[in-house]
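Worksheet: one structure, shown below.
A note on names: the letters A, B, ... follow the listed sequences, proteins ahead of strands, and every chain is numbered from 1. None of these values were measured; they are calculated from a predicted model. Basis for what follows: all heavy atoms, side chains included, without hydrogens, waters or symmetry-related copies.
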Amino acid sequence: MITTEFSYQKAGSVDEALRLLAAAPDSALLAGGHSLIPSMKLRVTAASALVDISGVAALKGVSRAGDTFRIGASTTHRDVAESADLRSGSPLLAEVAGVIGDPAVRNRGTIGGSLAHADPAADYPAAIIALGAQIEVAGTSGSRTIAADDFFTGTFETAVAAGEMITAVTVPAATGVAYEKFVHPASGYAVVGVAAVVTVAGGTISSLRVGVTGAGPQALRLTGLESALAGKTADDATLRSACSGLVAAGDLVGDHQASAAYRASLVDTLARRAIARAAARG
Amino acid sequence: MTTTMAIKVTVNGETRVADVEPRTLLVHWLREDLALTGTHIGCDTSQCGACVVHVDGRAVKSCTMFAAQADGCAVTTIEGLGAADALHAVQDGFWEEHGLQCGFCTPGMIMTAAELLARNPDPSEAEIRHALEGNLCRCTGYHNIVRAIQHAAKGATA
Ligand SMILES: Cc1cc2nc3c(=O)[nH]c(=O)nc-3n(C[C@H](O)[C@H](O)[C@H](O)COP(=O)(O)OP(=O)(O)OC[C@H]3O[C@@H](n4cnc5c(N)ncnc54)[C@H](O)[C@@H]3O)c2cc1C
Ligand code: FES
Ligand code: FES
């Protein structure tokens, strides 16, 4: 299928991208194109002008400053998955990136594009929430930082305003991490995915954050479970009783892939597995 | 009026210059303008992998990239991977292990496998299957495709 017509420009810098974005009505950023192009081909989306940010060097790559890791918005899933810095100091994003789609999708798709697209079944959102990431955003009137908890505002909706763009994501060092994904066999997306970030001190859970994707209309955080497990040991019996009825099926999405009740049950199971695995590493 | 833009792409080692509409997909430019019809189109949803080519050494779905995005890049298609009298190790593997039936998925399978082996010359069976997640085959049931890639890996590491 062929998209509607548009003009195409490659931005050389963030400032140029923002300027080009503002210059045309119905303009859109083009990063890896792996959400935008399929929907333009199906004519679900149309744009009059595409601003390609995949070549902006300042938006690419992973850097480390002390215990903080900064991932440029246009870093591909593959480069996140293979980042030696992330793998050693904060492996969750790298492990999540490695199970997105397939190798060709990972070679093109980017973290900034995935977060901006905010597909309710995308993988990164669960990890971003569990890590308490900060999302750096730039606009013509300056830059700001959005906390992961405030970032996703609805299905395919985020706190990024029109005319703004994501420039980077920062995450803390964390090794007690795990992502459990129940893969949809046809699409490769998550039917449900749960990410956990745990710190264990003296045998008990001293900090815990859990992010869920795929289950509801947007990615969510399980704050009730986090406080219920604070100070507890991460043994199987404790996790089994805590990870029960975590979300009400009535709040979840049911469709031909999985009923709401089935998704709710997956949240329980995957949360338990993710926390157990994360605790064993943390 | 449709505006076109000039692109310059190295395709299978040859510099190609063209004026394309921005919405021209890389796969359409390869097939229709350059007559490189070895790269196939099997879906409208970026899921089948029949269109996989290498762009600057990375396997990509050429139906999910505009030709304009390949400006300045080096593209390798199935036509540029090996020669009839000097097959690439993966092509040889598909020949030896009967890795195809109708052949529609084969160019994409081979390009995906070639990238895998370039990165990981000795993959496990699980790694091979994971690498093929974006390539669909409606004929073989995949077993012989996995064997073909194992054959190629053996040749490459021998
Ligand atoms: C076959 C297939 C399978 C997939 N499987 C999965 C999967 O299993 N899990 C998963 O999570 N995803 C999956 N995806 C989606 C994939 O991860 C996409 O790469 C991702 O959703 C979008 O990133 P992109 O860089 O390709 O963005 P694009 O498609 O270029 O852009 C997406 C949207 O974000 C906007 N945008 C891009 N960059 C920025 C920025 N820096 N700031 C603000 N807005 C921006 C664009 O304007 C557009 O609206 C799959 C895609 C395909 C085609
Ligand atoms: S034609 Fe199916 S993935 Fe490109
Ligand atoms: S051989 Fe026919 S689709 Fe794979």
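Only the side chain of A:T76 comes within contact range of chain B, judged by heavy atoms closer than 4.5 Å. With a 4.5 angstrom heavy-atom cutoff, A:S187 touches chain B via backbone and side-chain atoms both. With a 4.5 angstrom heavy-atom cutoff, A:L30 touches chain B only via side-chain atoms. Proximity to chain B (any heavy atom under 4.5 Å) is restricted, for A:D52, to the side chain, taken from C-beta onward. In this structure, no portion of B:N135 lies under 4.5 Å from any heavy atom of chain A. For chain A, no part of B:M111 is nearby; none of its heavy atoms comes within less than 4.5 Å. Looking at B:H28, only its side chain comes within 4.5 Å of chain A, counting heavy atoms on both sides.
Ranking B:K61, B:Q69, B:E133 against chain A, the residue ahead of the rest is B:Q69, based on heavy-atom pairs under 4.5 Å.
Ion pairing between A:R70 and A:D85 fails under the 4.0 Å rule for side-chain N and carboxylate O. Using a cutoff of 4.0 Å between basic side-chain nitrogens and carboxylate oxygens, B:E115 and A:R78 are scored as salt-bridged. Ion pairing between B:R119 and A:E82 holds under the 4.0 Å rule for side-chain N and carboxylate O.
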Margin query: Between A:Y189 and A:H184, is the ring-ring contact (aromatic ring centres under 6.0 Å, His included) condition met? List the steps.
Written below: CA-CA 6 Å; A:Y189 278 84; A:H184 186 270; 9.0 Å; no
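Looking at B:F66 and B:L26, their side chains never come closer than 4.5 Å, going by heavy atoms from C-beta outward.
Within 6.0 Å of CG on A:L42 lie more than 12 heavy atoms contributed by other residues, nucleotides or ligands.
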